[in-house]
2 protein chains.
Amino acid sequence: MSNKPKISEAEWEVMKVLWNRSPVTANEVISALSGKTAWNPRTIRTLINRLVAKKALGFEKTGRQYHYYPLVSEEASVQTETKSFLERVHGGTLKPILAAFLEEQKLTPDEIAELKEILDKS
Amino acid sequence: MSNKPKISEAEWEVMKVLWNRSPVTANEVISALSGKTAWNPRTIRTLINRLVAKKALGFEKTGRQYHYYPLVSEEASVQTETKSFLERVHGGTLKPILAAFLEEQKLTPDEIAELKEILDKS
DNA sequence: ACATAAGTATTACACATGTAATCGAAAAGT
DNA sequence: ACTTTTCGATTACATGTGTAATACTTATGT
């Protein structure tokens, strides 16, 4: 089952909150995002609702409040996104991709070592 | 100037044709894509028009025919896409991303060596 | 019990995207 | 010169996305 729902860019921010901690209420998602984004709480609720409609999130009712939790794992979603990304830039040279990776992620030495290990094993 | 126009997934296919060879006519783009996609020629013309509107493509008229060519480089576009992709999954663990990369089997041993070199230098 | 507040559900609306069809103009055949 | 074909330009339309506002429902305080 667990088919890969397409998660939009804004929705992705919501998912990251839920992957980080769950189950949480809509309000908790809203306050978690209030530092990061300038979205209206209504907007965030809309995003949550869409994610529920897409079956990327589930919830349990506790009284009138809903506690949301992910129905898709972060790992699987990253995989899906990455695959789609790679398909799109297929044929592009790989070097600038990794270069951007390195530049953007500000990799720690530990992470670099880990990546090298992955490369070694392949 | 040359600001980064957002190129959609379908449009990206058109750009790849043009990055590969240009300037070419719409019909040449259409036949280049006829093997890869099942799009109606009308659809491809629409995509070309949108890319022109986004200033991702330019053209010269030769008689009544237009010869299109990219206004943005593949390198720059890959960079932009990659940055956006990374921002979206930012905070996600890096390992599954590289794992997906490797799984796609885009990496030849030569490339792996090259990547390791990049990692070494950073 | 009833009003109020706090959640959730429904509706809105503009712009992007996928996927074309139709309109109009100009080149080319007859 | 007129008709037909061939391009490009304009228009279409459903669905997705960003960004909310409004309506509805139900705890909760009084």
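In the text below, chain A, chain B and the rest are named by the order of the sequence lines, each starting its count at 1. Please read these numbers as outputs of a predicted model, since none were measured by experiment.
Residue-to-nucleotide contacts include no donor-acceptor pair under 3.5 Å from the side chain of Arg45(A) to the base of dT19(D). The base of dT15(D) is not paired with the side chain of Arg50(A) by any donor and acceptor separated by under 3.5 Å. Side-chain to base pairing of Thr46(A) with dA20(D): one donor and one acceptor N or O lie within less than 3.5 Å of each other.
Within the 4.0 angstrom heavy-atom criterion, only backbone atoms of the sugar-phosphate kind lie near Ser8(A); the bases stay farther away. Heavy atoms of Arg64(B) sit under 4.0 angstrom from primed sugar atoms or phosphate atoms, though from no base atom.
The side chain of Thr43(A) lies closest to dT19(D) when the candidates are dT19(D), dA9(C), dT19(C). Among the nucleotides dG18(D), dA28(C), dT8(C), the one closest to the side chain of Tyr68(A) is dT8(C). Minimum atom distance to the side chain of Asn40(B) is reached by dA21(C), of the listed dT19(D), dT8(C), dA21(C).
Note: CD (Gln65(B)) to P (dT6(D)) measures 12 Å, nearest angstrom. Distance Lys61(A) NZ to dA9(C) P: 7 Å, rounded to the nearest Å. In this entry the distance linking CG of Asn49(A) with P of dG16(D) reads 16 Å, nearest Å. Note: NZ (Lys6(A)) to P (dT17(C)) measures 14 Å, nearest angstrom. Distance, Leu33(A) CG to dG18(D) P: 13 Å, rounded to whole Å.
Atom CG of Leu86(B) sits about 7.0 Å away from atom CZ of Phe85(A), to the nearest 0.5 Å.
At a cut-off of 3.5 Å, with distance as the only test, a side-chain donor of Thr25(A) or Glu28(A) sits close to an acceptor on the other residue. Counting only N and O atoms by type, the side chains of Arg45(A) and Asn27(A) include a donor and acceptor under 3.5 Å apart.
Aromatic ring pairs are classed by plane angle as parallel below 30°, tilted from 30° to 60° and perpendicular above 60°; the pair Tyr66(A) and Phe59(A) is parallel.
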